[in-house]
Amino acid sequence: MKGLLIKDIFQKKPLNNEITIKGWIRTKRESKNFCFTEVNDGSCMKNLQVIIDDNLDNYNDIIPLITTGASIEISGNIVESPGQKQSIELHATKVKVIGTAPADDYVLQKKRHTFEYLRTIAHLRPRTNTFGAIARVRNAMSYAIHKFFQERNFIYVQTPIITSSDCEGAGEMFQVTTLPMENIPINDKKIDYSKDFFSKKASLTVSGQLEGETYACALGNIYTFGPTFRAEHSNTTRHLAEFWMIEPEMAFCDINENMDTAEEFLKYILTYVLENCPEDMDFFNTRIDNTIINNLQNIIKDKFIRIKYTEAIEELTKSKVDFEFPVKWGIDLQSEHEKFLTENVYKKPVIITDYPKEIKAFYMKMNDDNKTVRAMDVLVPRLGEIIGGSEREDNEKKLINRIKEMNLNPDDYWWYLELRKFGSIPHSGFGLGFERLIQFITGMQNIRDVIPFPRAFKSIDF
RNA sequence: GCUCCUAUAGCAUAGUGGUAGUGUUCCUGGUUGUUACCCAGUGUGGCGUAUGUUCGAAUCAUACUAGGAGCGCCA
């Protein structure tokens, strides 16, 4: 698409210049001899108001075709607008309807639609204000993520999407196979994977962390940013079967530096979006959640709370609140506990560290107490866990012990263990769900509305 | 996987036993400056699907389907 964007027109205000725009009609207000219409080209939230009057040769032909959703090319002069709601407007000298949108079956009319309904028309919902704003914010965040890491000399690493390690322990996996489902080869009553494409069982990745560690143990600091797949039957407003995850892994880095990076990272992204998407953020603040901008500003300003798991348990016990899941040392923190800490006790993000080893993954570094591991979860109000990370166990013998304790087979992790055998280093990293971060920033309630085409349990319509 | 809620015209909703209203969109007419434009008017559904209870069912019951919220799992 060449030519001026509506975003640029509002910025540069090229008064009394002949310009051409291309976009889609959002609304039309008709009078006897002229009509107002508003055009949006996706470059910004704002529509450009266009005045079309009956001096145009083809006025009577085009007016019936100018309906909500029609695509259009308009040339004309930018002038100051006498109206209150916009600074400038376009007086059309030439109007060409490119694609019509018959109003009797174009379902996306100029009115409010529920998000539930818009989910059933995922191919049209990017044409709405909300989903346009989400797309632009999502784009800005993607850029900011790379910018943050690149400015700090992190190397961007692409870890595989198809993986053979079905024992990463991060969740149920989608199997990848070319075996014929109607005639699966059997050998000794078991599926004969030697006949499969990779000649062993393969799945979609649930995390690039283990592969990421290999590059961190060679290049220093690295990060990944790519799709991740979980075949869990999760049915919530914050789970997807296909989502995007950011996973930095840092060499010569302990749990404290890990927390510093996580906090700095979150604040950087929030700041970037507030500075670069003010119009879209205003929209979210007005229409979705009128506390969102204020909250984000406070989060940027304040230091995150950092407490150990044991202190969190004490805090919850002290509260005397009657939780559905009773609190005692050793339990995994439930949503209600996390929400209580972030929303009632501290009213800001909380980083909890040093969890009991029993409730965390095998690769997390054991503390000297032999009871807790150097895990860290960043919890935020409203959403709960947004980041999960840890310092990694860098001692080969301890790691083998942990693998065995979890009833896993060390042979499956031979290359991962060799990172500890040859030039082992303290290293740390974390995983951050991209869509959850978008929810956090925009205030959107359902994660299915912050990804263009959501995939979830029993749901893949587009 | 568990619990709860919902299902009425294109969209959003009212209607708790006697054969459906309202808003909005669309459409028609009017309006030289509107901006969720305004004013007037026309049209649209038989109430998710199935079975049952009843003289009679959007309205009660059961099942199924779809959607939503919460929980668990996690990012």
Side-chain angles (χ1 to χ4, degrees), chain A residues 26-38 46-55 64 67-69 79 81-86 89 91 101-121 124 128-129 168-172 206-209 227-247 262 287 323-325 332-339 359-361 377-380 383-389 430-440 445-451 456-459 461:
Chain A
R26 281 294 178 82
T27 177
K28 175 175 73 167
R29 293 178 290 276
E30 212 179 332
S31 288
K32 193 176 184 183
N33 303 316
F34 70 102
C35 104
F36 294 96
T37 183
E38 295 188 29
K46 280 208 279 284
N47 304 325
L48 182 63
Q49 175 164 282
V50 180
I51 289 84
I52 304 171
D53 65 40
D54 62 358
N55 293 329
T67 58
T68 302
V79 298
S81 173
Q84 296 299 306
K85 302 220 169 166
Q86 63 279 319
E89 61 189 24
H91 282 206
D104 43 351
D105 16 83
Y106 186 64
V107 294
L108 201 65
Q109 287 302 332
K110 50 167 179 180
K111 54 172 294 188
R112 210 177 154 275
H113 293 286
T114 59
F115 292 135
E116 289 82 2
Y117 175 63
L118 291 173
R119 264 170 236 149
T120 69
I121 49 166
L124 296 175
T128 63
N129 285 334
E168 289 172 20
E172 293 295 310
V206 292
S207 164
Q209 183 200 315
T228 308
F229 308 87
R230 303 269 168 97
E232 242 109 49
H233 295 184
S234 302
N235 217 310
T236 77
T237 52
R238 53 187 194 283
H239 286 87
L240 290 167
E242 177 183 298
F243 63 99
W244 286 64
M245 189 151 68
I246 300 116
E247 295 182 286
R287 303 296 290 271
F323 292 108
E324 191 193 334
F325 293 87
D332 207 353
L333 295 180
Q334 305 295 320
S335 291
E336 55 172 345
H337 306 139
E338 297 178 349
K339 278 190 179 142
I359 57 173
K360 287 293 180 184
D377 285 356
V378 181
L379 314 178
V380 295
L383 278 176
E385 185 177 344
I386 198 167
I387 287 180
F430 58 84
L432 177 137
F434 186 44
E435 283 76 19
R436 287 199 185 165
L437 186 55
I438 302 174
Q439 279 187 282
F440 187 59
Q445 294 288 319
N446 195 313
I447 199 166
R448 297 175 194 205
D449 296 329
V450 298
I451 189 167
F457 184 52
K458 287 189 173 171
S459 172
D461 282 342

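Just so you know, these numbers use all the heavy atoms, side chains as well, and skip hydrogens, waters and symmetry mates. Everything numeric here is computed off the predicted structure, so don't read it as measured data. Order of the sequence lines fixes the chain letters, A, B, ..., with proteins taken first and strands second; residue numbering starts at 1 for each chain.
Qualifying side chain to side chain contact (heavy atoms under 4.5 Å, CB included) partners for A/Ser335, counting only residues two or more places apart in sequence or in other chains: A/Arg238. A/Glu435 pairs by the salt bridge (Lys or Arg N to Asp or Glu O under 4.0 Å) definition with A/Arg138, not counting sequence neighbours. Scored by the ring pair (Phe, Tyr, Trp, His ring centres under 6.0 Å) test, A/His233 finds A/Phe457 as partners (sequence neighbours excluded). Not counting sequence neighbours, the partners of A/Asn55 by the side-chain hydrogen bond (donor to acceptor under 3.5 Å, both in side chains) test are A/Asp53. Annotation: side-chain hydrogen bond (donor to acceptor under 3.5 Å, both in side chains) contacts of A/Glu338 (sequence neighbours excluded): none. With sequence neighbours excluded, the residues satisfying salt bridge (Lys or Arg N to Asp or Glu O under 4.0 Å) with A/Asp449 are A/Arg119, A/Arg125. The ring pair (Phe, Tyr, Trp, His ring centres under 6.0 Å) check on A/Phe34 picks up A/Phe36, with sequence neighbours excluded. Partners of A/Tyr117 under the side-chain hydrogen bond (donor to acceptor under 3.5 Å, both in side chains) rule, at least two apart in sequence or in another chain, do not exist in this structure.
A/Leu124 has its CG atom 14 Å from the C1' atom of B/C11, to the nearest Å. Taking atom CZ on A/Phe34 and atom P on B/U32, their separation rounds to 8 Å, with Å as the unit. Between the CG atom of A/Leu379 and the P atom of B/C74 there is a distance of 14 Å, rounded to whole Å. Rounded to a whole Å, the CG atom of A/Asn129 is 12 Å from the C1' atom of B/A36. The CD1 atom of A/Ile438 sits 17 Å away from the P atom of B/A75 (whole-angstrom rounding).
Across all strands, A/Glu89 comes closer than 4.0 Å to base atoms (heavy-atom distances). Contacts of A/Asp332 with the nucleic acid, taken as non-hydrogen atoms under 4.0 Å apart, involve only primed sugar atoms and P, OP1 or OP2. Residue A/Gly83 is classed as a base contact, given a heavy-atom separation below 4.0 Å to a base. Within 4.0 Å (heavy atoms only), A/Leu240 reaches at least one base atom of the nucleic acid. Within the 4.0 angstrom heavy-atom criterion, only backbone atoms of the sugar-phosphate kind lie near A/Ile386; the bases stay farther away.
In this model, no side-chain donor or acceptor of A/Gln84 finds a partner on the base of B/U34 within 3.5 Å. Residue-to-nucleotide contacts include a donor-acceptor pair under 3.5 Å from the side chain of A/His239 to the base of B/C74. Side-chain atoms of A/Arg112 and base atoms of B/A36 include no donor and acceptor less than 3.5 Å apart. A donor N or O paired with an acceptor N or O is not found under 3.5 Å between the base of B/U34 and the side-chain atoms of A/Glu30.
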Considering only nitrogen or oxygen atoms on both sides, find all protein atoms under 3.5 Å from nucleotides 3-5 of chain B and state each distance.
none

Enumerate all atom pairs, one protein N or O and one N or O from nucleotides 69-71 of chain B, separated by less than 3.5 Å.
{"residue": "B/A69", "atom": "OP1", "partner": "A/Asn446", "partner atom": "ND2", "Å": "3.1"}
{"residue": "B/A69", "atom": "OP2", "partner": "A/Asn446", "partner atom": "ND2", "Å": "3.3"}
{"residue": "B/G70", "atom": "OP2", "partner": "A/Thr237", "partner atom": "OG1", "Å": "3.3"}
{"residue": "B/C71", "atom": "OP2", "partner": "A/Arg238", "partner atom": "NH1", "Å": "3.4"}
{"residue": "B/C71", "atom": "N4", "partner": "A/Asn235", "partner atom": "O", "Å": "3.1"}

Extract from the structure each pairing of a protein N or O with an N or O of nucleotides 42-44 of chain B at less than 3.5 Å, listing the distance.
none

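Taking atom P on both B/A63 and B/U3, the two are 12 Å apart, rounded to the nearest angstrom. Using C1' as the reference atom, B/A9 and B/U24 are 12 Å apart when rounded to the nearest Å. Rounded to whole Å, the separation between the P atoms of B/A20 and B/U25 comes to 26 Å. B/U13 sits 29 Å from B/G72 when the P atoms are compared, rounded to a whole Å. Going from the P atom of B/C60 to that of B/G15 covers 12 Å, rounded to whole Å. Rounded to the nearest Å, the gap between the C1' atom of B/C27 and that of B/G68 is 34 Å.
Base-pair partner of B/C2: B/G70 (Watson-Crick or G-U wobble, both distances under 3.5 Å). With a cut-off of 3.5 Å on both Watson-Crick or G-U wobble distances, the partner of B/A7 is given as B/U65. Searching all strands for a Watson-Crick or G-U wobble partner of B/A12 with both distances below 3.5 Å returns B/U22.
Applying the 5.5 angstrom centroid cut-off and the 30 degree plane-angle cut-off, the aromatic ring of A/Phe243 is stacked upon the base of B/A75.
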Walk along nucleotides 23-29 of chain B from 5' to 3' and tag each nucleotide B, S or - by protein heavy-atom contact under 4.0 Å, base first, then sugar-phosphate.
BBSSS--
